[in-house]
Every structure is written in structure tokens, then in C-alpha cells.
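Structure, as C-alpha cells:
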Amino acid sequence: MFNLDRLTRANIRVLKPYSSARDEFSGQAAVFLDANENPFNTPCNRYPDPLQRAIKQQIAGIRHVRPDQIFLGNGSDEPIDLIFRAFCEPGIDNVVAMEPTYGMYSVAAGINDIVYRKVLLNDDFSLDADRLLRTVDRNTKAVFLCSPNNPTGNPIQEQAIEKIVNRFEGLVVLDEAYNDFSDQPSWLSRLDKTPNLIVLQTFSKAWGLAGIRLGMAFASPEIIALLTKIKYPYNVNVLTQRAVLEALQHRDRVEEWIRTLRSERERMASIWPKIPCIEKIFPSEANFILIRTADPQALYDYLTARGIIVRNRNSVAMCQGCLRLTIGTPAENDTLTEALRTYSSDTSSLK
Ligand code: PMP
């Protein structure tokens, strides 16, 4: 049985959080003399809303959840770190994650002195849920899943996620950073029935706001309350809050970007297999495509010399020979495609 109290670190359970001035009073007033702010230099002289209420209200409407099921942080990286700090006892507990995947889960584990157990994906990058569940023991506090996965691009099979959510008695963190680009339904609709689930999403990808640093964690109100209790008091600054409230007024623009990026991904997926230097292109439901090539460093250097920067994933488990290519504007994708073609003809003429 899932028991949140038992999963929570004892020191966090009893912690009395810092109460900021803006926690204690958040209504309308003419004179604010409670937070030792400078009264000049508006509009940035005031502390931000520590609970980001206006933003959560709007996200709740869009994602069909309640505001008390939402945590907002400095990118998704903040809730990832807070999950370790709330639930994992340094030097004792462990987490289990699929491999390869997004690198920050393992870095956050390392920072928090938590053993990070990796479960290799199958050759087609699908997940063997039974193998993952066999890796779990009584000190496993969380399982990290990422769908669609980074850097492989594939969604994780729904049945595999379902099995882990149902059988594992700790927390299941499902990172849906790229879900907007995928055909798979989000797990947010199952939040109410899944008390051990934490879904991560972000404004950095489809929303086009990587620069403002705003990540979302969705979970039960009890889990959200724990993360909120241990966050820095004003973790999302005034400028970020203002920028996202503005962006939330233009959802049609986001929908249009998603349509364009998905269609560009499909265009590249049909063109690139015909380019000789590309040995394999992996199916993707994200805004990037993983490809395999004979000499990834040579191709990486060739592209860099032409001002095109991609991500070399050659040293990542199961990604030998692979580069990860983000889908850009149609013009950027054409520039990359042309460079891939010239690289192919340059290298074949050298042989
Ligand atoms: N999750 C995944 C799977 C990612 O690939 C990334 C960024 N590359 C993030 C989270 C980080 O998102 P954020 O910018 O919100 O910290």
C-alpha cells in the first residue's frame, strides 16, 4: 500500500516551513510595509507571490487539474531536486530509473547522496517493466520514467507505466517534458486515481519559454504540500511570473508551434533516411530526433564548423554513434539537412 507519510523523510515530516511576509498577507492594500522592500523602482521592487496563485489557477484550467495539485519551480530541475530532498534519506535510500534518459535525475541523486539504479531499456528503447520492478527494494523511494524519452525520442509503453504505477509502492515520477509533441495521452487525467504519481511538465519546450525557467510538477495535494513546504520561499521570480501570465494569453500561438514542429519532425524523418551519412533514424514523438552515424564526432565537428550545433550522445548508454538533432524552424532544418548532405558527399569522396 502507498503510504506517503512513511515515504517522507522524518525531518521533513516535522519541519515547520519558513513563513514569508507574502505568505502571511496576500490581499489588496495601499501601503505595503511588511517585507522590508524598497518602495521605489516599481515594477520589480516587490517580492513575488510565493505560491504563484494566478498562474496555477490558469494552468489548472488548461490541464484540467486543481490548483492544489500543481507545484511550480525554477525549471523541472527544481521539483526533481526537491523530490530527493523530501523523500530520500542520504546514504540510505535509492531511486530506480530507466537508462538512457534525461541526465538530471542522476545528477540530483548524486548531489543528494542517493544511489541511482539504472535499468537499461530494450534494444528498441522500450521499457521492460518487470525488469525495472525487480530492481526495486525496500529503500527505493522513487522510480523515474521519461515519456517521450530524452535522448531516444520514443514514448514509453502505457502498459509498462501502468504496471509500475500499480505495483511499485513508492513514488513514480513521470517526466512529460515532451508530451505536447506526442500522440500519447498525458497521465494527468489519472492523477486523482494515482496517489503515488508525480507528473513533470515544463514551459521550456512547446511553450517556447526555456529562458524564463518555469517547470511544473503535478501530484496529489499532499505531495504538492510537501514540495511547497521545502522550496525556497520566492522560488519563481516576478519577471518569470509576469512572462508566463502573458504567454498563457496566447495559447493559439503555442498550438501553432506544436503543429509546425511536429510536421517538421515528420518531414525530417522522411528526408534524413535517404542521406548516406545517416545509418539509422530512431522514431521520435518529441521535438528532436536521434540519429546514428559512423563517426559521430566527425559529423559533430563538421556541423559545428558550419555554425550548426547539435548534441553528441555518443558516450550515452545504448546511444553509441548517435547525435540528437533538435527540430528547428523549417529554414534551420533545411540548413542542417543540406549540411548532412554535403558531409555525406565530402566523406564518400574521401574514401
Ligand atoms: N525533462 C526532460 C526530459 C528534459 O529533456 C529537460 C530538458 N532538456 C528537462 C526536463 C528540463 O526542463 P526545464 O527546462 O523545465 O528544467
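Start at 1 with the first residue, then count along the sequence. Read the numbers this way: they start at 1 and go in the same order the structure lists the ligands and their atoms.
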How far is [atom] from its nearest protein heavy atom, and which residue and atom name does that atom have?
atom	answer
atom 14 (O) of ligand 1	S204 OG, 2.6 Å
atom 11 (C) of ligand 1	Y102 OH, 3.2 Å
atom 12 (O) of ligand 1	S76 OG, 3.5 Å
atom 16 (O) of ligand 1	R213 NH2, 2.8 Å

Exercise for review: Check for a donor-acceptor pair, side chain of E222 on one end and backbone N or O of L4 on the other, with a separation under 3.5 Å.
Suggested key: no
With a cut-off of 4.0 Å, which atoms of ligand 1 are near a heavy atom of [X]?
X	result
G75	13 (P), 15 (O), 16 (O)
C146	3 (C)
Y178	3 (C), 4 (C), 5 (O), 8 (N)
T202	12 (O), 13 (P), 14 (O), 15 (O)
D77	16 (O)

Ion pair present between [X] and [Y], side-chain N to carboxylate O less than 4.0 angstrom?
X	Y	value
R22	E37	yes
R9	D93	no
R85	D81	yes
E158	K163	no
K231	D23	no

Review point. Is the NZ or CZ atom of R306 positioned over Y302's six-membered ring, under 6.0 angstrom from the centre and within 45° of the axis?
Key: yes
Practice item. Indicate yes or no: does an N/O atom of D175 lie under 3.5 Å from an N/O atom of ligand 1? Key: yes
**Study point:** Nitrogen or oxygen atoms of K205 and ligand 1 under 3.5 Å apart
**Key:** yes
Review point. Does ligand 1 have any atom that is closer than 4.0 Å to a heavy atom of A210?
Key: no
**Study point:** Side-chain donor-acceptor contact under 3.5 Å, D334 with T337
**Key:** no
